[in-house]
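Before any comments, here is the structure.
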Amino acid sequence: MQAQKYLNLLNQLKVSKYRNSSQSLCCFNAQKGSEYNNNLMVVGRAVNSWHHEFELNNLNVESMVEEVFRQPTTSECPLKWVEDSWGSQEGYNTKSSAFWRVIKQVSQRLNEASSTTGWASKIVWSNLYKIAPSITGNPSDSLCDKQFTYCNELLLAEIIEYRPRVIVFFTGLNWFNGFLNESVSLSSNKEHSLVEAHGVLKINDKDVKIIIAKHPQGKPEAEMIHEILTIASVT
């Protein structure tokens, strides 16, 4: 289901009137940890550089989708790099990212982990927008608009496939608004300052808890973690 919806996304983007057809872009798809236990899914806004680079003016849609969804030849966890890069002195240091620091604490506590390692393998990580600049920076408003409908469908397909108990969106309401509108019931969080809304997503016979938090960068992380865990733990 995800691959077909991704095919629709790229086909539409290719024929759209996106003005910068020679911009270097990248494709992201949801990453499921090898020990994922249907407990926690985390969603960001968009990647800040990734693999699967392309330009719209020479994109082969079928080949790109095949590349994005190609099954790995090893059993290595797709999120192993997150922990391997923790404190790295070269390249990207995930410990320097407030996004990953908060996710680490939330994953460890929701999964009641006794070890300080293995937390990344227990989550699914996705993003609202799948197409982003390949080097750095969020997609422009124009690029977001061109892919929104298909990314919304992809997000719902991911949730149906992975069936998490809790989804934490580290996006802020300003980015989340419009997504999952037909399926989710949200209420504002006046008693919390960092979790902006929470509610329930109805997926077939399952209720999925939805938490919309601000992006962690520059925010008090301990307070954010406490707010998320307080809501996530309520049954």
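Keep in mind that what you see is a predicted model, and the values were worked out from it rather than measured. All residue numbers refer to positions in the sequence shown, counting from 1.
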>> Which heavy atom of Gly87 sits nearest to which heavy atom of Asn93, and what is that distance?
In response: N-OD1, 2.7 Å

> More than 12 foreign heavy atoms under 6.0 Å from CD of Glu112: is that the case here?
Replying inline: no

>> Using every non-hydrogen atom in the two residues, find where Tyr6 and Phe28 come nearest and quote the distance to one decimal.
In response: OH-O, 2.8 Å

Indicate every side-chain donor-acceptor pair of residues 167-180 with a distance under 3.5 Å to a residue at least two apart or in another chain.
{"from": "Asn177", "atom 1": "ND2", "to": "Leu173", "atom 2": "O", "distance (Å)": "3.1"}

>> Looking at every non-hydrogen atom in both residues, tell me the closest pair between Ser24 and Glu55 and how far apart they are.
In response: CA-CG, 4.2 Å

> Which is it for Trp125 and Trp100 under the ring pair (Phe, Tyr, Trp, His ring centres under 6.0 Å) test, yes or no, and what are the steps along the way?
Replying inline: CA-CA 11 Å; Trp125 167 48; Trp100 287 116; 5.2 Å; yes

> Among Lys5, Gln4, Gln12, whose side-chain hydrogen bond (donor to acceptor under 3.5 Å, both in side chains) with Asn8 holds?
Replying inline: Gln4

> Which heavy-atom pair separates Ala232 from Arg165 by the least distance, and what is that distance?
Replying inline: O-NH1, 3.1 Å

> Can you list the residues that meet the salt bridge (Lys or Arg N to Asp or Glu O under 4.0 Å) rule with Lys32, with sequence neighbours excluded?
Replying inline: none

> Do Val42 and Tyr36 share a hydrophobic cluster, counting only Ile, Leu, Val, Met, Phe, Trp and Tyr and linking them when any side-chain heavy atoms are less than 4.5 Å apart?
Replying inline: no

>> Strictly below 4.0 Å, N to O, side chains only: are Glu158 and Lys130 in salt-bridge contact?
In response: yes

>> For Gln2 versus Ala157, what's the shortest heavy-atom pair and its separation?
In response: CG-CB, 4.3 Å

>> I'd like to know whether CG of Asn57 has more than 12 heavy-atom contacts from other residues, nucleotides or ligands below 6.0 angstrom.
In response: yes

>> Once salt bridge (Lys or Arg N to Asp or Glu O under 4.0 Å) is applied, do any residues pair with Asp207, and if so which ones, sequence neighbours excluded?
In response: Lys202

